[in-house]
Amino acid sequence: ETAKALKWEQTKAQRTALEEGGFDVAGVGRFDSNKESQSKTLGASLAAKIASDSGQPYEVNWTLADNTVALLDAAAMIDVGFKLLAHLDAAHQRSRALYTEIQAAETVEAVNAITWQEVQA
């Protein structure tokens with residue numbers, strides 16, 4: 001049980017590192033995804049959706065992870081929000097699958113053999 005608890009704590013730490021390690025949007029670049037950036041991205045995506053729904057113009061100069069700037073219109077910003085949510089969900093789903101594997105393991109060796117595999121979001 002100790003090995004399982006330790007493996008689950010390691011898995012949660014890996015999940016957080018992946019969630020907060022950034023994500024790529026094809027044709028745009030790499031976005032930050034730490035907790036503060038998640039909040040800003042989702043807020044901007046919501047603003048873009050509101051603007052789009054009400055027929056208002058929307059553009060934002062978004063600073064990417066490499067400090068370059070991308071001009072995003074409403075559709076692009078909404079897409080970034082969806083990409084962020086997919087990125088976060090992929091990490092969460094992988095950690096849940098690992099949790100199931102950890103709980104099913106019957107030996108310390110089996111627990112130790114469980115590894116995080118790269119998640120592509």
Enquirer: Under 3.5 Å, side chain of T16 to main-chain N/O of K12, donor-acceptor pair present?
Expert: yes
Enquirer: Side-chain heavy atoms nearer than 4.5 Å, only ILVMFWY residues, links allowed to pass through others: does that put Y58 and V28 together?
Expert: yes
Enquirer: Decide side-chain contact (heavy atoms from CB on, under 4.5 Å) for L18 and W116; before the verdict, give the C-alpha distance in whole Å, the side-chain angles of both, and the deciding distance to 0.1 Å.
Expert: CA-CA 11 Å; L18 179 63; W116 188 281; 3.9 Å; yes
Enquirer: By the side-chain hydrogen bond (donor to acceptor under 3.5 Å, both in side chains) test, which pairs, at least two apart or in different chains, include something from residues 103-115?
Expert: none
Enquirer: So which atom in A105 and which in A110 form the shortest heavy-atom distance, rounded to 0.1 Å?
Expert: CB-CB, 3.9 Å
Enquirer: How many angstroms lie between atom CD1 of I114 and atom OH of Y99, to the nearest 0.5 angstrom?
Expert: 12.0 Å
Enquirer: Rounded at 0.5 Å granularity, tell me how far CG in L98 sits from CD in Q14.
Expert: 8.0 Å
Enquirer: Can you tell me how far apart CG (D24) and NE2 (H87) are? Round to the nearest 0.5 Å.
Expert: 9.5 Å
Enquirer: Give a yes or no answer on whether the side chain of T100 reaches the backbone of R96 with a donor-acceptor pair at less than 3.5 Å.
Expert: yes
Enquirer: For E9, does the CD atom sit with more than 12 other heavy atoms under 6.0 Å from it, leaving out its own atoms?
Expert: yes
Enquirer: Stepwise, does the side-chain contact (heavy atoms from CB on, under 4.5 Å) test hold for W62 with T41?
Expert: CA-CA 9 Å; W62 198 267; T41 300; 3.5 Å; yes
Enquirer: Starting at CZ of R30, measure out to CG of L64 and round the result to the nearest 0.5 Å.
Expert: 11.0 Å
Enquirer: Which heavy atom in M77 sits nearest to a heavy atom in V60, and how many Å separate them?
Expert: SD-CG1, 3.9 Å
Enquirer: Which is it for V80 and L84 under the side-chain contact (heavy atoms from CB on, under 4.5 Å) test, yes or no, and what are the steps along the way?
Expert: CA-CA 6 Å; V80 171; L84 170 60; 5.5 Å; no
Enquirer: Q38 and E19: which non-hydrogen atoms are nearest, and at how many Å?
Expert: NE2-O, 4.1 Å
Enquirer: For V111 and A3, work out which heavy atoms get closest and say how close.
Expert: CG1-O, 3.5 Å
Enquirer: Answer yes if L72 and I78 sit in the same cluster of Ile, Leu, Val, Met, Phe, Trp and Tyr residues linked by side chain heavy atoms under 4.5 Å apart, and no otherwise.
Expert: no
Enquirer: Nearest 0.5 Å please: distance from the CD atom of E101 over to the NZ atom of K7.
Expert: 10.0 Å
Enquirer: What are the two closest non-hydrogen atoms of S52 and A74, and how far apart are they?
Expert: CB-CB, 4.2 Å
Enquirer: Which atoms form the tightest heavy-atom contact between S37 and D32, and what is the distance?
Expert: OG-CB, 3.3 Å
Enquirer: So, taking the atom named NZ in K40 and the one named OG in S45, what distance separates them when rounded to the nearest 0.5 Å?
Expert: 14.0 Å
Enquirer: Determine, stepwise, if the pair L85 / L42 fulfils side-chain contact (heavy atoms from CB on, under 4.5 Å).
Expert: CA-CA 9 Å; L85 293 173; L42 294 174; 3.9 Å; yes
Enquirer: Any non-hydrogen side-chain atom of R15 less than 4.5 Å from a side-chain atom of R94?
Expert: no
Enquirer: Answer yes or no: does atom NZ of K4 have more than 12 heavy-atom neighbours from other residues, nucleotides or ligands under 6.0 Å?
Expert: yes
